[in-house]
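Data first, discussion second: the structure below is written as structure tokens.
The model shown is predicted, which means the values in this text are computed figures rather than measured ones.
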Amino acid sequence: MQKKSFILLSAASALLLTTSCSKLGALSADNFNVVPNPLETEVGQVPATINGTFPEKYMKKKAVVTVMPELRYADGQVAKGQSATFQGEKVLGNDQSISYQLGGRYTMKTNFDYLNCNKADMYLTFDARIGKKQVEVPAVKVAEGVIATSELYKNTLKTAQAAISPDAFQRINAQKQEASIKFLIQQAQLRKSELKNNSVQEFVRLLQQISNDREGLNLKEVEVSAYASPDGGFKLNDKLANQRQQATEKYVQEQLKKTNNLNAPVDAKYTAQDWEGFQELVKASNIQDKDVIIRVLSMYKDPEEREQQIKNISSAFRELADGILPQLRRARMIINYETIGRDDQQIQQQLKADPTQLSVEELLYAATLVESVNAKEDIYKTTTEVYPNDARAYNNIATLEYAKGNLDAAKKYIEQAQKLNGSLPEAYANLGMIALRQGDLSAAENYISKATGANGLAEVLGNLHLAQGKYAQAEQDFENVYSNSAALAQILNKDYASAAVTLKYVKDTDATTDYLKAILGARMGNTSEAAQALKAAVAKDASLAGYAANDIELLKVEK
């Protein structure tokens with residue numbers, strides 16, 4: 001009887017031992033620490049670092065356990081992360097070995113696709129075997145929720161400013177016109193033949209034109225510069241150049257009196273020996289020894305020494321005397337004046353009366369004088385009709401289509417612009433903005449890299465860097481820009497004071513503006529202000545109510 005009892009007890013013990021060796025048991029959330037928790041999106045992904053612990057006497061010596069992270073979204077979607085495998089002490093393999101007696105710690109990194117739902121929980125699931133036998137280890141919930149504020153860039157892009165090709169309109173433009181008078185050697189008299197040359201006659205005609213059209217033209221000053229050639233002594237040339245200046249200045253004053261007494265200063269000066277002009281003419285000439293002459297000019301600074309050394313080059317001096325020096329015995333008269341174009345009111349009046357009388361720059365500028373999107377579009381379309389070969393108006397219509405969300409239409413206008421000007425930088429910038437809206441960051445970066453020199457490029461780059469998760473760089477790009485995108489970059493960069501200022505001055509506020517104010521208020525502990533802003537956001541866009549209900553950023557904000 002005792003023998004029979006002993007056999008039964010031994011069998012029961014063996015069964016218990018076999019059972020205990022065939023299981024690993026459950027793990028708890030206490031065995032894992034996830035960073036960050038709650039999780040947070042980065043460039044369309046949800047990264048996480050898992051610090052795990054296998055307890056003492058957990059990892060059987062012949063066990064192999066693969067830890068498989070999952071992000072389970074409230075809408076039923078599941079994103080899989082990168083797994084890691086661990087093994088017991090008697091397993092022959094290359095995975096991290098865990099002691100049965102002591103247990104072990106480990107760190108693994110994983111990454112999930114963000115599936116546009118901020119209500120999600122992170123679980124660890126397990127594929128476990130002891131020897132060849134599969135064993136069950138229950139899944140463990142290790143993190144709750146996803147902060148998806150960085151993904152709001154998709155909303156801010158809708159109101160981001162696309163790159164407008166600028167006009168070059170300037171109402172007042174500085175102009176100048178020059179006339180030249182030649183003198184005979186060692187003389188300062190103005191010859192009648194010289195006063196009849198084309199440049200002098202055009203000089204006189206322009207003064208008269210300015211006198212007759214004082215609304216469209218404005219005389220600033222007249223410059224007179226007289227010169228003597230470098231040959232001859234300095235004392236003689238100084239006196240001669242001075243006399244030429246006086247004679248030319250007198251002539252200018254006479255012409256001013258003849259044109260209804262135009263009131264403008266005359267700035268007169270002279271140069272005794274025009275070595276600078278001499279060198280320029282020699283460089284541009286075909287004189288055989290010009291390189292030798294230029295070297296002499298650089299070697300000798302004393303005017304008399306220069307002159308003597310050049311005269312020693314007998315073969316070249318005759319060419320200088322005949323071809324170069326006579327051109328330096330001169331006086332220059334320069335009219336500095338301004339052309340005055342139409343003012344804003346005149347441009348708008350002409351636009352209504354007959355836009356064909358406006359320049360392309362005036363038409364493009366006219367679009368900046370109106371606030372209405374429809375009015376801007378009408379002006380740009382008029383510009384394409386009057387000036388069909390200018391690419392800028394087509395690009396600017398594309399920016400209006402972008403703002404409406406008509407991305408296909410925007411692309412078509414950009415294609416028209418590029419047919420006319422394949423290197424238009426704003427066109428590439430806007431293709432980049434469209435790619436950002438479509439979620440293709442690689443294409444966006446490629447297009448924007450070709451937009452060097454584009455108007456508004458810094459703001460376009462800010463939107464690219466924001467989408468790429470480069471928040472500090474984006475904030476720098478958005479300097480002096482007051483937009484939703486700029487505010488989001490500042491919030492993500494934890495520059496809350498700057499974000500508050502930016503949101504205050506956003507020009508065309510929308511639901512996203514108010515939603516960002518709610519997030520900013522919540523982060524700064526101003527829950528009452530956050531609640532007020534959230535209410536305003538939902539009033540403008542009812543769909544935000546459901547999103548806000550699951551937004552961890554607004555957990556403490558009254559809904």
Where A451 and L457 come nearest, the two heavy atoms and their spacing | O-CD2, 3.6 Å
Side-chain donor or acceptor of N550 paired with backbone N/O of N118 under 3.5 Å | no
Just say parallel, tilted or perpendicular for the rings of F86 and F54, cut-offs at 30° and 60°.
-> perpendicular
Y505, OH: over 12 other non-hydrogen atoms inside 6.0 angstrom = no
With no hydrogens and no angle check, is any side-chain donor or acceptor of K559 less than 3.5 Å from a backbone partner on V557?
-> yes
Side chains of Q438 and D440: donor-acceptor distance under 3.5 Å anywhere?
-> no
Check: K141 side chain, L124 main-chain N or O, donor-acceptor pair, under 3.5 Å = no
Evaluate the side-chain proximity of T339 to L217: yes if any heavy-atom separation is below 4.5 Å, no if none is.
-> yes
Charged N to carboxylate O under 4.0 angstrom, E361 versus R392?
-> yes
Would you please say whether a donor-acceptor pair under 3.5 Å links the side chains of T512 and N484?
-> no
Look up atom CG in L488 and atom NZ in K154, then write down how far apart they are to the nearest 0.5 Å.
-> 12.5 Å
Flag for N430-N395: side-chain donor and acceptor within less than 3.5 Å | yes
Closest heavy-atom contact between G432 and A444?
-> O-CB, 3.4 Å
For E151, does the CD atom have more than 12 heavy-atom neighbours from other residues, nucleotides or ligands under 6.0 Å away?
-> yes
Expected output: side-chain N218 to main-chain E215 donor-acceptor under 3.5 Å = no
Between D343 (side chain) and Q345 (backbone), is there a donor-acceptor pair under 3.5 Å?
-> yes
Report yes if some heavy atom in the side chain of E459 is under 4.5 Å from a heavy atom in the side chain of D477; otherwise report no.
-> no
Non-hydrogen atoms of Q346 and G341 that approach each other most closely = OE1-O, 4.3 Å
The side chain to side chain contact (heavy atoms under 4.5 Å, CB included) partner of K60 among V91, I130, V135 is I130
So, are E415 and K419 salt-bridged, with charged N and O less than 4.0 Å apart?
-> no
Which atoms form the tightest heavy-atom contact between A522 and A530, and what is the distance?
-> N-CB, 3.7 Å
Considering only NZ, NE, NH1 and NH2 on the basic side and carboxylate oxygens on the acidic side, decide whether R342 and E362 come within less than 4.0 Å.
-> yes
Within 6.0 angstrom of K540 NZ, more than 12 heavy atoms from elsewhere | yes
Would you find a donor on one side and an acceptor on the other, under 3.5 Å apart, between the side chain of T513 and the backbone of D510?
-> yes
Exceeds 12 heavy-atom contacts within 6.0 angstrom, atom NZ of K404 | yes
What are the two closest heavy atoms between A163 and V460, and how far apart are they?
-> CB-CG2, 4.4 Å
So, does Q177 use its side chain to make a donor-acceptor pair with the main chain of I334 at under 3.5 Å?
-> no
In terms of side-chain heavy atoms, does Q490 have a donor or acceptor partner in T502 at a distance below 3.5 Å?
-> yes
Heavy-atom pair of closest approach, residues Y58 and A26 | CE1-O, 4.2 Å
